[in-house]
Amino acid sequence: VLASTPVDLQTLLDEIAAAAPAQAARGKVADYIPALAAVAPERFGMALATVDGQVYGSGEFREPFSVQSVSKAFTLALSLAREGDALFNRVGREPSGNPFNSLVQLEYEHGIPRNPFINAGALVVVDQLLTATGDAFGELRAFLRAETGEPALDCDAVVARSEAEHGHRNAALAHFMASYGNLKNPVEVVLDHYFRQCALTMSCADLARAGLFLARHGVRADGSQLFGRSEAKRVNAILLTCGTYDAAGDFAYRVGLPGKSGVGGGILSVLPGRGCLAVWGPALDRSGNSVAGVHALDTFTTRTGWSVF
Ligand code: DON
């Protein structure tokens, strides 16, 4: 795996981390949840976990941060593993071209969210996992603990409460879908699991290791299959086309990898067959993607030649 790259990976990660703080000035830290607004914009970390189990990192790659929507990559995978393609009767899989929290499209499309990564779609995925398991957040947390080997991995209760207190738009999306019969569990319960999922605290090293099953075509850390090669391909495809919202085209153009961003400034990106990258830089562009993170991934894939294209 590593022999095929012409660059020294640690040197490259260190160069990227050194250049990252200058990128932060082009963005703005999310302020719609007070608990997120307090983070300094120029912080940065980056980790690479390879399919053969090595972890490289630079900057604050072991520093925990709020993963926010990056968690949606994992809930989609867990939901698909249980439900299969039937999930797509309730949520689409096309890019939205709209902001992640948009209400407009949902009305045009009769309460069926465009894809599983916009907030409305992620709420449907949580609802399905709740029905299937009785405890969607618990299922997600157990999965992430197993994949990272971090038994204390958890959500930040202060962030989760802050999300709930400022969650009028998510509540509106959830109630709207309930009015179309596209939520099976009570709105308050779905929102509670969704807010805790977003408030999960993980480092770049944790995220990169947790995402490895997507690089290993469905094979988990313990060697078991979460799902088959086709399902892993499908999750990666939706990550590529929908994982960075209305900037998914630009992300594919610049980075050339499946990826999922979150408003905490994290991005998880998959190198199928090779490994997983995770970056963290809290300053965001207008679509809600980390400016330093996208720049770092762009540099990484350009210098290594590793992309899906
Ligand atoms: O639903 C929200 O508003 C947040 N908890 C998560 C949003 C998010 O991270 C979107 N990503 N860029």
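Counting starts at 1 for both ligands and their atoms, in listed order. As a basis for the values below, the full set of heavy atoms in this structure was taken, side chains included, without hydrogen atoms, waters or symmetry mates.
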Checklist entry - Between Glu15 and Arg303, does a salt bridge (charged side-chain N to carboxylate O under 4.0 Å, His left out) hold up when you go through it step by step? => result CA-CA 11 Å; Glu15 282 176 31; Arg303 293 277 296 278; 3.2 Å; yes
Checklist entry - Are the side chains of Val279 and Phe61 in touch, meaning some heavy atoms are under 4.5 Å apart? => result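 A side-chain contact under 4.5 Å is absent here.
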Item to check | Protein residues that have a heavy atom under 4.0 Å from any atom of ligand 1, sorted by chain and number | outcome: Tyr32, Gln68, Ser69, Phe100, Asn119, Glu163, Asn170, Tyr194, Cys198, Tyr245, Gly262, Val263, Gly288
Item to check | Donor-acceptor pair between Asp14 and Thr11 side chains, under 3.5 angstrom | outcome: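 No.
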Checklist entry - Just by distance, with hydrogens left out, do Thr50 and Asp52 show a side-chain donor and acceptor under 3.5 Å apart? => result yes
Checklist entry - Out of Met202, Glu150, Arg209, which one pairs with Leu144 under the side-chain contact (heavy atoms from CB on, under 4.5 Å) rule? => result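 Among Met202, Glu150, Arg209, the one that satisfies the side-chain contact (heavy atoms from CB on, under 4.5 Å) with Leu144 is Met202.
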Next on the checklist: Determine whether the aromatic ring centres of residues Tyr253 and Phe309 are separated by less than 6.0 angstrom.
Outcome noted: no
